[in-house]
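Residue numbers start from 1 in every chain, and the chains themselves are labelled A, B, ... in the order their sequence lines are given, proteins ahead of strands. All values reported here derive from a predicted model rather than from experimental measurement. Quick note: numbers below take in every heavy atom, side chains included, and nothing from hydrogens, waters or symmetry partners.
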Amino acid sequence: MTLRDGARKELPPGGTIRDLAFQIGERLGRATVGGRIDGAAEISDLRTPLLQDCRVDLITADSPDGLHVIRHSAAHIMADAILSLWPAAKLAIGPAIDEGFYYDIDLDQRLTPEDLPRIEAAMQKVIAADTAFERCTVDRSVEIVRARERGDIYKAELMEGIAADAEVTFYRHGAGAFEDLCRGPHVPSTGYVKAFRLQRLAGAYWRGDEKNRMLQRVYGTAFYSKKELEEHLARHEEALKRDHRKLGRELGLFLMDPVAPASPFFLPKGALIYNRLQQHMRELYRESGYQEVITPQIFDASLWHRSGHYEHYKDNMFFTKVDEHECAVKPMNCPAHTIIFAAEKRSYRELPLRIADFGRLHRYERSGVTSGLTRVRTFCQDDGHIFAASEQIQAEITALIAMVRGVYTLFGFNTLKVFLSTRPKESVGSDAVWEQAEQSLRDALGANGVEYVVNAGDGAFYGPKIDFIVLDALKREWQLGTIQLDFNLPERFDLNYVASDGSLRRPVMIHRAILGSIERFIGILIEHTGGNFPFWLAPEQVRVCTIADTHEPWAREVLSALMQAGVRCSSDFTNSKTGAKIRDARLARLPFTIVVGGRECEERTVALRERPDVDRGTMGLPALLALFTELERSKA
RNA sequence: GCCGACGUAGCUCAGCGGUAGAGCAGCGGUUUCGUAAACCGCAGGUCGCGGGUUCAAUUCCCGCCGUCGGCUCCA
């Protein structure tokens, strides 16, 4: 066998991964929960015999892969505990997931949050017993019959879905008291699960299909050690504190009202951020050769029939009647832009024609899926469409990738994941057109050295796309920008331009957005920054505070100088104590606070304090204004 | 849409069959103070909306609206 570090080991015939680990060392043997053979995606069980020369990566309990194994085992232990409390429960599936694990069960009795501690206690018993996880190969057809007889329809269905010639395995623990259909692997014994917590209950459809029965899902998480579990729970607490819905209310950025479900009202401070973001994008557009347009809100249904939205996107659209004509509120700007393109005879000299639009979009989202600013029914994208000749695609995509990177870096989103999504089941256009579109995106990504993952079948109905996902300060993933190729709309709207040889050619459309939706981006930014917006975005940049009433005249002079310089500033000349004023400014996430007292009045200076609590000392007005002007300019 | 939980003052929450309470915010005073909460007072609620049970409903039941957690990361 070859190990990860290149070392080679010999094993006696019939030797397993477990034997290999113990051969290397007693401690490693005890910490090992599985192995990866020849770099396979799947982790093999400890009991897997190593029949021929191969490369083995041992998976220890404290590694990311080991965590997955521990969580999977925790799911089995939870299922055992649930069955001991409610023997009538039927088990569906119970996998390990990124943040922990869950088990879907079918039980007539409704579980309540109060049941979670009971289940945890029952799990502790199973863990304390520290019995071995045993793997056994079973006869598929026999077990299907047995499962059917027990009324275990979910397991029966799962086994029926397994290829007839594949090995079917069960895992047992508790000296055979609990067994479950499972591919494994599992930790050697229940005692390996040292730190877990059950978190919440939820409904989940069998196989995620709403036509199926709704099961009860119990979510939990497990870690290698108590310390890691505590850290995870602390991170979760931090995420709750940064929840943009909570901060949005506390900081007076936006509000929601039942009169317009899933539709935010941006308050003055939120609107400031909103407009500042748009302004930034407009600056980039100026540099990148985009022209902004303003297009209608409501269109005759015929437009949507022609664009294909009526057929493919109707369920997400709002309809209305105008003079007995069926009309729809726009869910996207693209069809409007085709109208603009088609309104004139276009020359190849005009291409690539880049059109930007901050139009308001409305999409009907099902009541259960909306959330704060991140999933709303009305929003605005930093939307744009590029009409290009096919030979211009790669250069356009390249420019876009640079633009995307620049924007994300500005906001401190330093980790970028890129996905290429290909043709979905429900789609329009010919195979050849799709193939051509997907290939041009691959070429552009490759030419720019961008690493990406292919999401097969995840494209838009009109074309393949590149999606950009960033990691925020709490390491959570958010999808932001997208670049989508569209060979379909130009066809449907019969768009063309006159080429240099006088012939009529069909342009390609590139749909692109970098922030995605402004609403959603603000929500993400609130959570990313915890409400501490960079100076150039902060709705309130500076607050001037007096220590006593006598300091107000100079404070007013300072305030008016700031205002004239275009700094967004406010004042606190109330009779509160200085400590209270500082506290208020902190809670409001002010980037800077100015304190003016007797000394400053005499010297005609200000005492400057920077968030979170950096003393910037005292300075005169010219230095202060220079500092703010530079921060605003550099967007630092 | 579906499953579950929740909806009480602007916010955070208590009360849960006998008709509503606190803290913060607000307003009015007093205090003039040097970097995370001065003090006193006042005001503020169709207890989400509608129906039912009851002598009596914020409280129990039903419906609706809204919010929150979820609704394949497949044995």
* Given the P atoms of B:C39 and B:A57, what is the spacing between them in whole Å? -> 42 Å

* Asked: For every nucleotide of nucleotides 6-16 of chain B, 5' to 3': is a protein heavy atom under 4.0 Å from its base (B), only from its sugar-phosphate (S), or from neither (-)?
  -> -----SS----

* For atom C1', what is the distance between B:G48 and B:A5, given to the nearest Å? -> 16 Å

* Which part of the nucleic acid, if any, lies within reach of A:G579 when heavy atoms closer than 4.0 Å are counted: base, sugar-phosphate only, or nothing? -> sugar-phosphate

* To do: Please name the residue in the list A:Q199, A:M78, A:H72 that meets the side chain to side chain contact (heavy atoms under 4.5 Å, CB included) test with A:F101.
  => A:M78

* Which letters describe nucleotides 63-70 of chain B, given B = protein heavy atom under 4.0 Å from base, S = only from sugar-phosphate, - = neither? -> ---SSSBB

* Write down the distance between NZ (A:K577) and P (B:U35), rounded to a whole number of angstrom. => 10 Å

* Determine whether the aromatic ring centres of A:Y364 and A:Y313 lie less than 6.0 Å apart. => no

* Interatomic distance at C1', B:C33 relative to B:G10, whole Å -> 29 Å

* In terms of side-chain geometry, is the basic nitrogen of A:R604 or A:E557 positioned less than 4.0 Å from the acidic oxygen of its partner? -> yes

* To do: Take atom P in B:G4 and the same atom in B:U19, then report the distance between them in whole Å.
  => 34 Å

* Phosphate OP1/OP2 of B:A37 contacted by A:R583 side-chain N/O (<4.0 Å) -> no

* Sticking with atom C1', work out how far B:C40 lies from B:U58, rounded to a whole angstrom. => 32 Å

* To do: Take atom NE2 of A:H76 and atom C1' of B:A75, then tell me their distance rounded to the nearest Å.
  => 8 Å

* Asked: Between A:D152 and A:K155, does at least one N-O distance fall below 4.0 Å, as a salt bridge requires?
  -> no

* Asked: Is the shortest distance from a Lys or Arg side-chain nitrogen in A:K246 or A:E250 to a carboxylate oxygen in the other one below 4.0 Å?
  -> yes

* Asked: Does the distance from a Lys or Arg side-chain N to an Asp or Glu carboxylate O, for A:E519 and A:R377, drop under 4.0 Å?
  -> no

* To do: Using the C1' atom as the reference point in each nucleotide, state the distance between B:U8 and B:A20 in Å, no decimals.
  => 8 Å

* Asked: By a strict heavy-atom criterion of less than 4.0 Å, which residues belonging to residues 77-96 of chain A are in contact with RNA chain B?
  -> A:I93

* Among residues 104-117 of chain A, which contact RNA chain B at a heavy-atom distance under 4.0 Å? -> A:R110

* Please state the P separation for the pair B:A37 and B:A25 - nearest whole angstrom. => 12 Å

* Where along residues 148-174 of chain A does a heavy atom come under 4.0 Å from RNA chain B, residue by residue in number order? -> A:I162, A:E167, A:V168

* **Listed partners of A:E311 passing side chain to side chain contact (heavy atoms under 4.5 Å, CB included), at least two apart** => A:R492

